[in-house]
Structures are given as structure tokens and as C-alpha cells.
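A quick write-up on the structure given underneath.
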Amino acid sequence: MTDVVEGIASVGISGSPSPASRSRALLGAALAALERRGIATREVDLAALPAEALLGRSTDEQVTDALAAVRRARILVVSTPVYRATYSGLLKVFFDLLPQDGLAGKIAVAIATGASLGHLLAVDHGLRPLLTSVGALPVATAVYGTDAQFRDGRPDPALIEQIDRAVAEALALVISPVLA
Ligand SMILES: Cc1cc2nc3c(=O)[nH]c(=O)nc-3n(C[C@H](O)[C@H](O)[C@H](O)COP(=O)(O)O)c2cc1C
């Protein structure tokens with residue numbers, strides 16, 4: 001597998017403003033799973049980027065660099081808390097900076113956490129359409145965790161299993177000759 005995936009880059013985008021973020025913990029687990037399979041990873045923490053540039057009011061080297069990393073990546077892992085029944089505003093403003101079809105040809109893994117299962121469909125009604133609106137191809141398995149599935153910031157095994165399945169699906173698509 002390592003030979004096949006050599007040179008393939010992935011970027012994880014964290015859309016939570018929280019310093020002790022559950023969705024970011026899941027993102028970290030997904031990036032670790034990709035690394036174990038030989039994929040180079042990089043994490044972009046949107047909360048650490050300057051707000052003025054994220055809002056498009058100014059340019060900033062860090063934001064330009066994050067957009068360039070996304071452009072180079074073949075796999076994107078996108079994580080967000082559910083805010084007001086959908087993805088976070090932080091994630092939205094970053095996606096607004098992408099050009100039309102800016103994620104065309106990229107495989108995406110969608111991750112969200114919410115207070116309860118009540119907004120589980122935020123992944124299918126919000127996050128997936130956000131990804132496909134700029135051309136990304138989300139894998140079938142989306143990851144959704146509730147706050148009760150975390151102990152001391154660590155996700156329960158069921159969530160890790162979901163992440164592993166989503167990552168395996170992303171790799172299957174990446175090595176598919178049809179999508180090359
Ligand atoms: C401003 C705000 C809005 C929220 N809205 C929702 C919501 O609509 N539905 C929900 O299930 N949880 C909601 N939550 C709870 C978070 O989605 C949940 O705690 C999540 O796990 C936080 O992820 P994070 O730790 O990565 O920031 C909200 C939390 C905040 C702070």
C-alpha cells in the first residue's frame with residue numbers, strides 16, 4: 001500500500017473555535033489513521049488563522065498557505081462542531097475563499113460532533129453539500145459523534161471504528177484507476 005500511496009497528500013481542516021475540541025480530536029484520529037497507511041498529512045486549524053483574512057477583508061500569508069495546502073491535497077478530512085443545526089461559521093468562511101470547483105478531484109471525509117443525535121443529519125444536509133458544492137467527492141461513511149461519546153476528550157471505540165472505515169473508503173477511491 002505504501003508504494004501505491006507515495007506522494008499522496010492529505011489535509012485535515014478543523015472548523016471548531018474551541019481550544020479543547022472534540023471534533024478536532026476526531027480529525028486527529030483520522031489523520032493518524034492516514035499516516036499509518038503511508039499518507040502525508042497536514043492539519044489546518046482554522047481557529048488559529050486571522051479572522052480578517054478568513055472574512056476576505058485582507059490577505060494573510062497563513063491563510064494563503066492553508067489554501068495552497070488544500071489545493072495540493074488529494075484527500076481532505078473536514079471536521080466541524082454542529083452549530084445551529086449545521087457546520088460552523090468558521091468552516092463556512094474558509095470554504096467561501098475557495099474558488100468554484102476548488103476541490104474538484106479530491107476525496108473528502110466528513111466529520112462532525114454535536115450535543116446529541118438530534119442533529120445527526122447536519123452531516124448529510126449541511127457538511128456533504130458544502131463539500132460537493134466545490135467539487136469534492138465525500139466517502140460514503142460520515143463520522144458523527146455526540147458529546148456523550150467522549151471521556152476526558154477521548155472518543156469512544158465506536159467512533160474510531162467509524163473513522164477507520166471512512167479513511168479506508170477514502171484510500172480505496174484514491175487508488176482507484178477510474179478516479180486517477
Ligand atoms: C454556538 C453553539 C451552537 C451549537 N449548536 C448545536 C446544535 O445546533 N446542535 C447540536 O447538536 N449541538 C450544538 N452545539 C454543541 C456542539 O456542537 C457540541 O458540543 C460539539 O461536540 C462541539 O464540538 P467541538 O468540541 O469540536 O467544538 C452548539 C454549541 C455551540 C457553542
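In listed order, ligands and their atoms are each counted from 1. Note that the numbering runs from 1 along the sequence shown for the chain. Computed over heavy atoms, backbone and side chain alike; hydrogens, waters and symmetry mates excluded.
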Original post:
Counting each atom of ligand 1 from 1 as listed, which ones have a heavy atom of Asp147 under 4.0 Å away?
Top reply: 18 (C), 19 (O), 20 (C), 21 (O)
**OP:** Indicate the atoms forming the closest heavy-atom contact of Ala9 with Arg72, along with that distance.
**Re:** CB-O, 4.4 Å
**OP:** Would you mind running through ligand 1 and noting each atom that sits below 4.0 Å from a heavy atom of Ala85?
**Re:** 7 (C), 8 (O)
**OP:** Check ligand 1 against Ser16 and write out every atom of the ligand that is under 4.0 Å from a heavy-atom position of the residue.
**Re:** 24 (P), 26 (O), 27 (O)
Subject >> Test of proximity, Pro81 against ligand 1: N or O pairs below 3.5 Å >> reply: no
Original post:
For ligand 1, which atoms, with element, lie under 4.0 Å from some heavy atom of Ser18?
Top reply: 27 (O)
Original post:
Mind checking whether Leu91 and Leu127 have side chains closer than 4.5 Å, heavy atoms only?
Top reply: yes
Subject >> Lys106 side chain reached by Leu137 side chain, heavy atoms, under 4.5 Å >> reply: no
Original post:
When you look for heavy atoms under 4.0 Å from ligand 1, do you find them on the side chain of Val82, its backbone, both, or neither?
Top reply: both
Subject >> Residue, atom name and distance, where the atom is the protein heavy atom closest to atom 31 (C) of ligand 1 >> reply: Tyr83 CE1, 3.7 Å
Original post:
Where does Ser23 meet ligand 1, judged by heavy-atom distances below 4.0 Å: at the side chain, the backbone, both, or neither?
Top reply: both
Original post:
Of all the atoms in ligand 1, which lie at a distance below 4.0 Å from a heavy atom belonging to Thr113?
Top reply: 17 (O), 20 (C), 21 (O), 22 (C), 23 (O), 26 (O)
Original post:
Under 6.0 Å from the CD atom of Glu161, do we count more than 12 heavy atoms belonging to anything else shown?
Top reply: no
Original post:
At a non-hydrogen distance cut-off of under 4.0 Å, which region of Arg84 contacts ligand 1 (side chain, backbone, both, or neither)?
Top reply: both
Original post:
Which pair of non-hydrogen atoms, one from Ala85 and one from Ala122, has the smallest distance, and what is that distance?
Top reply: O-CB, 3.5 Å
Original post:
Any link between Leu76 and Leu90 through a network of hydrophobic side chains (Ile, Leu, Val, Met, Phe, Trp, Tyr) touching at under 4.5 Å?
Top reply: yes
